[in-house]
Every structure is written in C-alpha cells, then in structure tokens.
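So the structure is just underneath, and the comments pick up after that.
Values reported hereafter were calculated over all heavy atoms of this structure, with side chains retained and with hydrogens, waters and symmetry mates removed. We name chains A, B, ... by the order of the sequence lines, and we start the count at 1 in each one. Everything numeric in this text was worked out from a predicted model, so none of it was measured.
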Number of protein chains: 2
Amino acid sequence: MENSVGIVSAQRATFDTPLTCSSGAVLPRYELVYETYGKLNGDKSNAILVCHALSGHHHVAGQYADDPKSTGWWDNMIGPGKPIDTEKFFVIGLNNLGGCHGSTGPSSIDPQTGKPYGASFPVVTVEDWVASQARLADMLGIEQFAAVVGGSLGGMQAMQWSLDFPERVRHVLAIATAPRLTTENIAFNDVARNAILTDPDFHGGNYYEHGVVPKRGLRLARMLGHITYLSDDAMADKFGRGLRSGKYNYGYDIEFEIESYLRYQGDKFAAYFDANTYLLMTKALDYFDPAHRHGDDLNKAFAAAQANFLVLSFTTDWRFSPERSRAIVKALLHNRLNVSYGEIASTHGHDSFLMPHAHYHALMRAYLERIAQEFSA
Amino acid sequence: MENSVGIVSAQRATFDTPLTCSSGAVLPRYELVYETYGKLNGDKSNAILVCHALSGHHHVAGQYADDPKSTGWWDNMIGPGKPIDTEKFFVIGLNNLGGCHGSTGPSSIDPQTGKPYGASFPVVTVEDWVASQARLADMLGIEQFAAVVGGSLGGMQAMQWSLDFPERVRHVLAIATAPRLTTENIAFNDVARNAILTDPDFHGGNYYEHGVVPKRGLRLARMLGHITYLSDDAMADKFGRGLRSGKYNYGYDIEFEIESYLRYQGDKFAAYFDANTYLLMTKALDYFDPAHRHGDDLNKAFAAAQANFLVLSFTTDWRFSPERSRAIVKALLHNRLNVSYGEIASTHGHDSFLMPHAHYHALMRAYLERIAQEFSA
C-alpha cells in the first residue's frame, strides 16, 4: 500500500522493577507490547511516542503479515511521506498498562495467583502510564523524545509527559483533548461504567473465572461513547431520521438507521474489548487533572513544563470542545512556553482527530517538518 | 400552603369505545386517570389541558390528603394567583395512555387474558394520546380548550392538538419542545431502550409474571436521561469535580458528587417507574414528526392549525435547543398564525421548563392573562 509502513509486528518488553501506582498499589512485574516504525537515528533524537486513547492500542500503523485488513488505527497519519513521516521519525506505539491488547492488564494472568488479575488489577492513572512509558523509553535508549503525540486521552498523556519528565520531551502534540474532564464528561463515563458494573455477568470484575463476559454492559458503554464521539450535525448528515424499512414498525427492534449503526458498533466492540480495561480507561480520564494539586490553578500546573506545544481542537467536538483546548493554550502562554494552536473546522466531532482531514493533516505536517529540522541538519 | 390548589384527588374515566392506535392495534377498552383544579365556567370556555412529558403524570398540582409531600410536578406553575391561575382556569392533568400512574398501560391487567399486558400493549404515539385526550374532553363536556399546554414531549402533544383538532384548541403553549427529534436525540433514546431491553430481568417485556423488574436497565436509562436534561454549565456549577470523600479512592464506588447524584436519581426512578412505559414514551418521542407525511415540510404540516401559539425555549437546553423552537415558530409564521416566541436565558438546560424561573413565569402569566380576557368579560 502506498505510503504505508508496510508489514509490521509487535514486540514485547518485560519490566521486573516494581511499579508503584498513584493508588499506592504495586505491580511487581509487567509487560508492555509495542510497535515501532522508521529508524532511530544515531543520536536517538528522532523518536516520537504515540499515546493511545480509550480503545486504542500499540498497532498504530501498517498491517500484520497474516491479515491484510489489520491496518493500524492512525495509519492515515503515520508512514513514509505522511504527516508523521517515518522516513524522518522513529515512531513508537504501545498498548498502555491495564490494556487488553497484550500489555499487562486485568485479563492477564497474575503470577502470584495463576489466575487473571480481574478486580485486583490496580486502577492506573495517566501519571502511571507516563511512568511506564518512560521505562520503555529507557529500555530503547531514548533519553529525550522529539515529540510525544496523542489525541483525546492520548493528549492527556502527552501533556503529562511535559510535567513529569520536562527534559525528556521537546514537543508535545495535544490533540482534541482537555486539561481535565468536565462534570458532564464524568457523568457520561459514570453511566458507561454502571452499565458494566451492573451487568450480571460482571461478577465484581472476576468474570473470567466464570467463563462469561459482561457484553451487555460493554455494548451499552460503547453505544453511549459513540454518541459523544460524533457531532449532532455529523449524525444528522449521515443518518438523519432514515428508517431501515422505510416505515415505523411500532416495536423495539432496529428501526432508525442510527439505531442500526449504534447497535452494530456496540456489538463489534463488546466482542473483543475487555470490560475491566474499559472501566480503568474511563477512570484514568476522570482522574486526569494536573491543576488539582496546584490549587486548581492550571497556570501553576504547567510551570514545570519546558516543551514546545502544538494544541489542536475541532469546532464540532463537544466532548472536548475548543474552549477546553484554549484553556490549555492560555496556561502554556502564561508560562511563556512556545505554543502553536489550531482550531480546525470539521463536522466530525471528537472523532475528527482520527480522520484524514486536509487542514488538520497540513497543520500536523508543517509542525512536524519543523521538528525534523532540529535534528536532520 | 399559599397559592396552592390544596388537597386534590385523582379521578378515573373509563372508555368503552375501542381506540384504534396509529400502529393499527386496537384497545377495546381503557381507563384514564386525571385530576382537575379550578372550576369549569358556564360556557365551558376556560379549560386548560396540561400534557405531561416522559416521566410525568396526572398529579400536576396540589397535594394528596394522606401525603403532605406529594406535591404535583408543576405546582409552581398552577394554582390560585400562579401563572396558570386556577381562579380563572379549569385545569386538567391526566396520565397518558400507556403510562404507569393509573391509566391503562403495559402494567395494567388485560381483561382478555387476566394478566398484565406487558409486551402486548401497543406502542402508542402522540396522535394516539391526543385522540384519547379528546375523548376525555368529550366526557367532561369540553368542546374547545382555552389552551393545551405542555413542555418537552408534552409540548409535542399540545402541537398535535392544533393539527388533529384545529377547532378544539384556541391556544397552544409549546415549551422546550421540537418539531421532531434529531438523530442524536433518537440515539440517546436508543441507548436508554437497549439498557432496558437487554436487562436479563426484562423477559421480553413480560417481567411482571416473573415477579421481577428490569431495574438495572431502567436505572441506566434514567441516569443517561438526567445528563441530557441538565446543561453542562448547570452540572459544573452544582457538582463540579467535587469528591464525596475529598480524595480519589481508585475504585468503582461513588467518588464524584455527580456520580452520587446520578445513581441516586437512577435508583429512585427505577423503584417506581414501569420499564415498558419508559420504552413506549421514548418511542412516542422518536415517532413524533408532523412534517413527515407532508414531504418533510413543516410549513405544510402546520397548514391545518388555527390556534394561537406561545412557543418558549431555554438558552442552555441542548436536548431541545432554541434552534428547534425557532423552526416551529418559522413554520407557524409561514401559515400566518399568531405566534409569541420567548427564548429564555436560563442555566438549567431542558429541566428549565419545570423550574420557577422568574422571566419564564412572567411570560407565561402575561400570555395566560390575555387568554383569560377572552372569556372573563
């Protein structure tokens, strides 16, 4: 495929040094699964870390040899000649701790019990992820990232890098994100979590040993999520009030096209995603709040940062609205940091950050070309 | 209590003429439970019908003798000296067909089987409700209402009155409503319905005979509903990111104040509301679309109307935004109908229509005083 990084394969890193989580829980040992694209240059100055959002993972670009349909989730952004150009950059994608795509998470076997962690897996935070990502960087010999990049929850990790490891990241690209969730954001997450927690097949998080999966709850959580990822206009344009059979059927089976879409998305997701991981990811979102320990002053929170920033938002994103990105920009400027900000006109809501939108990709490309000049000379 | 209609009691009307629903289903016999406040004048020209929204019922104002806490849901609007002044008007509230507060609905006993209707109760529409309300008016000897009033789904019924019985309603007061649901509105309803439909205790709608209630699903539906009734700002003002114990607990019990509120509301609702009624009410919302049979032309839909209209919307209502009300106003004006429109600055989102907001009540009062002059002379 043109401009593709081509066939890729995942790698696995094992960490035997215990990780103390924000909660105080200690993971004595864990594994992270990751992929890399492009080549690390001689002075290891061209590395970009891509942090994933709620349902993402390490397979960011390319395909697996045994499955031509297995295109990475951000393949439109990453590859030779693409905005994140793998001819210039060494790109790393990983599955976060607590994930369900290969890294140690609730569905992994706890070596101390020989059974899946389930409910005993700690609730991890954005800070914990960044700490675990830093260890992966250590292992790969990367002292400083050229950039840490992420959209949504991924953008929160990118920002956290600038706070916890100010000298280890030259640029932060924070896309469609927020300095913390609003009350409404938390409310939606709570409904999604309650759908899972109250599913009779959840068994307090230890459903693995019962041979069941809380699919009903996970399906509802995903359906609800999808509403918040799309814009009202995008949904109206795509589905309108279209009826599958052209008429009302006066029953509760699928009637409107939007119902068909949501139920399909819910079923698809519930078939492969782990419910405990979903719970944990939404909690990490709720907890992210760098201003909290600074008296709710975001200016003070970013006082530690040294990186340069690209902040991007999308006009129809009502989950993480442009207003939220502007709050980030304001705090960065207060600290006299270098900030570029783009507010991109897009009809696709929060999902825009995953779309091959021309203006968006042009802004990303321009910014990344500037980064590349720092080391390519 | 000052300005209260005082102690009230519900009445019951039985209709033995079969009602053919929009779906084609026939209800051979049904009962409607209702309340009245004030006195019907000599020429029966001072009657106001109040139509309820999704979770409302016939107990609109006053208290029951045996329960001083049983204040009606719109008591702040209706009473002696209140905007809907019971010194001037004869006000009727009823529980809609399909409801769960006394009128015939899915939880009622089907005389043909001796068991609750359950899944066999027909999916009724706004048109069906208006038809059944007209029969109640016949029974009470009311040929023409001075006004039909409603907020949200109640506003849809008020508008439908002007289309189906143009000569039987002098004024329509349509508050916080819409000419039809948006795709996003339907999407939220579908998630709520799926929470109920996939609850193992739902039993295809026939849970009564299993001695269980799909409480989990109903609870989730209500939690989700509450998010859409409030505005982002109102939630932020009321709950913010407040934590019940002042700190993160790294678990899935209630932590944020908003979680406490939502779960409380969900539990409370699930303890008394009927799940089949919830399904049926959301479907009536989805189906309401007077423009549909007129080639999606709302102007043509309102061509039949003769009533005068008061249309009110609230600035922070994102469920039924002011834009939706303006679409109604535009179609009414196109048909040269008398329309008053008010867009009220309120922070309370969709719920504003139930609040004792001064500007809102002043507009209602002024409009209703004008109506009263039509017959008080």
Side-chain angles (χ1 to χ4, degrees), chain A residues 21-25 122-125 180-188 190-191 193-200 205 216 219-220 223-224 226-227 230-232 235-242 248-252 254-259 261-263 266 279 283 286-287 289 292 296 318, chain B residues 21-25 122-123 125 180-184 186-188 190-191 193-201 205 216-217 219-220 223-224 226-227 230-232 235-242 248-252 254-259 261-263 266 279 283 286-287 289 292 296 318:
Chain A
C21 299
S22 304
S23 66
V123 171
V124 290
T125 61
R180 65 183 183 189
L181 295 197
T182 63
T183 317
E184 188 182 84
N185 292 147
I186 295 171
F188 278 121
D190 191 49
V191 175
R193 276 194 297 268
N194 269 272
I196 293 168
L197 294 168
T198 62
D199 185 324
R216 299 180 203 87
R219 177 175 177 269
L220 290 169
M223 289 172 74
L224 178 54
H226 262 280
I227 301 178
L230 299 175
S231 72
D232 196 359
M235 249 194 256
D237 287 349
K238 195 168 174 184
F239 306 106
R241 290 180 53 95
Y248 293 161
N249 293 319
Y250 303 97
Y252 301 117
I254 292 172
E255 290 197 301
F256 291 95
E257 298 287 358
I258 182 67
E259 296 177 311
Y261 171 80
L262 286 180
R263 295 188 197 189
L279 291 176
K283 213 66 189 178
D286 289 4
Y287 283 167
D289 185 6
H292 186 59
D296 284 330
W318 64 280
Chain B
C21 299
S22 304
S23 66
V123 171
T125 63
R180 65 183 182 190
L181 296 197
T182 63
T183 318
E184 189 182 82
I186 296 171
F188 278 121
D190 190 49
V191 176
R193 277 193 297 269
N194 268 271
I196 293 168
L197 295 169
T198 63
D199 186 323
D201 286 335
R216 298 180 204 87
R219 176 176 178 270
L220 289 169
M223 290 172 74
L224 179 54
H226 261 281
I227 300 178
L230 298 175
S231 73
D232 196 358
M235 249 194 255
D237 287 350
K238 194 166 176 189
F239 307 105
R241 291 180 51 95
Y248 293 161
N249 293 319
Y250 303 97
Y252 301 116
I254 292 172
E255 291 198 301
F256 290 94
E257 299 287 358
I258 182 66
E259 296 177 311
Y261 172 80
L262 287 179
R263 295 189 198 189
L279 291 176
K283 212 68 189 176
D286 289 4
Y287 283 165
D289 185 7
H292 185 59
D296 284 329
W318 63 280

Contact winner vs chain B - [options], heavy-atom pairs under 4.5 Å:
| options | result |
| --- | --- |
| A:V123, A:T182, A:D190 | A:D190 |
| A:A195, A:C21, A:G266, A:A25 | A:A195 |
| A:S231, A:S23, A:G251, A:A236 | A:S23 |

Does any heavy atom of chain B fall under 4.5 Å from the side chain of [X], the backbone, both, or neither of them?
| X | result |
| --- | --- |
| A:I254 | neither |
| A:L262 | side chain |
| A:E255 | side chain |
| A:R219 | side chain |

Side chain / backbone / both / neither for B:T125 at chain A, heavy atoms under 4.5 Å: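 For B:T125, side-chain heavy atoms alone lie under 4.5 Å from chain A.
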Which heavy atom of B:E259 sits nearest to which heavy atom of A:R193, and what is that distance?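 What the structure gives for the nearest pair is OE2-NH2, 2.8 Å.
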Check ring-ring contact (aromatic ring centres under 6.0 Å, His included) between B:Y250 and all other residues, then give those that pass, not counting sequence neighbours.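 A:Y287.
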Can you tell me if A:T183 uses its side chain to pair, donor with acceptor, with the backbone of B:G240 under 3.5 Å?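 Yes; judged by distance alone, with no hydrogens or angles, the pair exists.
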Ion pair present between A:D286 and B:R241, side-chain N to carboxylate O less than 4.0 angstrom?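 Judged by the 4.0 Å cut-off on N to carboxylate O distance, A:D286 and B:R241 do not form a salt bridge.
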Does A:R216 pair with B:D199 as a salt bridge, N-O distance under 4.0 Å?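 Salt bridge absent between A:R216 and B:D199.
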Can you tell me which of [options] forms the most heavy-atom pairs within a distance under 4.5 Å of chain A?
| options | answer |
| --- | --- |
| B:I227, B:N194, B:I258, B:T198 | B:N194 |
| B:M223, B:R263, B:H292, B:E257 | B:R263 |
| B:D201, B:D289, B:D296 | B:D289 |
| B:I186, B:L230, B:L197, B:N249 | B:I186 |
| B:V191, B:L224, B:D232 | B:D232 |
| B:F256, B:W318, B:Y261, B:Y252 | B:Y252 |

